[in-house]
Amino acid sequence: MDGMIAMLPAPLQQLSSHIDFQGQKVAERTYQVILTLAGIIGFFVGYSTQQLSYAMYTVMGAAVFTALIILPPWPFLFRKNPIVWQTPIEEQEASSSSDNEKKDKKKETKKTK
Amino acid sequence: MHNLLSRANSLLAFTLWVMAAVTAACFLSTVFLDYTVSNHLEVNDIKIRNVRDYATDDKQADLATLAFNLKVDFSRLFNWNVKQLFVYLVAEYKSAENAVNQVVIWDRIVERAERVVMDEIGVKTKYYFLDDGAHLLKHDNVTFVLRYNVIPNAGYLRLVQSTNQLVVPFPTTYTTTRRS
């Protein structure tokens with residue numbers, strides 16, 4: 001899947017649907033609570049109307065509603081706790097700068113030839 | 001849960017779990033209900049002909065024709081776990097060859113949306129009432145029983161027998177005229 005995403009043009013790749021770890025926990029709890037409640041309500045709806053289809057429609061409607069909540073990566077719900085990565089240590093910067101110096105030297109030598 | 005497809009997958013899987021649970025609860029809410037109904041059955045115009053049964057052993061066999069009136073109210077049965085009924089009328093009798101003979105002579109599918117109060121008058125048999133010998137003549141106890149399968153949305157296929165049954169003595173002479 002990541003390979004397919006990498007093949008997309010750059011503007012589409014910007015539309016990332018990823019959410020942070022705390023957001024994943026909240027999203028999972030959200031659909032569990034809503035759908036379980038919908039199942040209980042749906043049972044009583046079906047029992048009172050004596051139509052099993054109405055119970056199923058209740059659950060399916062709740063599933064669509066839940067999808068609107070948890071599928072888009074809402075920044076105010078699921079992206080409030082981004083991971084803070086460690087900053088790269090100094091040594092790497094030093095070595096990379098030395099590499100640049102070497103490249104510069106090579107270029108210079110080529111020019112002289 | 002980290003990206004869109006993963007969340008959609010979890011949501012769909014859990015939705016199916018909830019639907020399965022609701023269906024199972026529906027089954028549990030109806031499994032102990034009483035599905036028996038009474039009927040009012042009249043059988044008349046019974047005629048027996050002695051015909052050659054070419055299909056099996058080429059012997060003379062008794063073929064009975066009859067008409068019946070049937071009055072049943074199935075509306076009580078149709079709860080939220082009943083899709084349709086398969087109603088059939090069975091003639092049961094004992095003969096010298098077999099201890100139990102069961103002949104299905106008529107059936108009908110009763111769907112929930114359709115007319116579920118049955119009041120049929122002068123119905124002819126749908127299938128041949130053919131004995132495997134000549135035992136129907138002078139038979140004093142042919143019992144007509146109404147049975148039905150209850151086809152559910154969830155659960156098992158229930159077989160119910162209606163409370164009433166009709167015992168009919170059969171004629172003592174053969175009819176020789178053509179079938180009407």
Mark yes when over 12 heavy atoms from residues, nucleotides or ligands other than Y54(A) sit less than 6.0 Å from its OH; otherwise mark no.
no
When you measure from the side chain of R7(B) to the backbone N and O of S17(A), does any donor-acceptor pair fall under 3.5 Å?
yes
Need one label for A8(B): side chain, backbone, both or neither, based on atoms under 4.5 Å from any heavy atom in chain A.
both
Is it possible for you to say whether V87(B) and V145(B) belong to one hydrophobic cluster, with membership spreading through side-chain heavy-atom contacts below 4.5 Å?
no
Could you look at S6(B) and say if it's the side chain, the backbone, both or neither that has a heavy atom under 4.5 Å from chain A?
neither
Under the salt bridge (charged side-chain N to carboxylate O under 4.0 Å, His left out) test, which residues partner K126(B), sequence neighbours left out?
D107(B)
In one Ile/Leu/Val/Met/Phe/Trp/Tyr side-chain cluster, 4.5 Å: F27(B), F78(B):
no
L35(A) to V18(B) - nearest heavy-atom pair and separation
O-CG1, 3.6 Å
Determine whether a donor-acceptor pair (N or O, by modelled atom type, separation under 3.5 Å) exists between the side chain of Q50(A) and the backbone of W80(B).
yes
What are the two closest heavy atoms between L11(B) and A63(A), and how far apart are they?
CD2-O, 3.8 Å
Flag yes if more than 12 heavy atoms outside F21(A) fall under 6.0 Å of its CZ atom; otherwise flag no.
no
Joint cluster assignment, L12(B) & W17(B), ILVMFWY side-chain distance < 4.5 Å:
no
Tell me the ring pair (Phe, Tyr, Trp, His ring centres under 6.0 Å) pairs involving residues 38-68 of chain B, sequence neighbours left out?
F68(B)-W106(B)
Can you pull out the residues in residues 71-79 of chain A with any heavy atom less than 4.5 Å from chain B?
L71(A), P72(A), P73(A)
Measuring from atom CD of Q24(A) to atom CG of N3(B), what distance do you get when rounded to the nearest 0.5 angstrom?
9.0 Å
Write down the atom of G39(A), the atom of V22(B), and the distance for their closest heavy-atom approach.
O-CG2, 3.5 Å
Side-chain heavy atoms nearer than 4.5 Å, only ILVMFWY residues, links allowed to pass through others: does that put Y35(B) and L28(B) together?
no
State yes or no: do L4(B) and V26(A) share one hydrophobic cluster built from I, L, V, M, F, W and Y residues joined by side-chain heavy-atom distances below 4.5 Å, directly or via other members?
yes
Using a 4.5 Å heavy-atom cutoff, which residues in residues 40-48 of chain A come close to chain B?
F43(A), G46(A), Y47(A)
Give, for atom CD of E28(A) and atom CZ of F14(B), the distance between the pair rounded to the nearest 0.5 Å.
9.0 Å
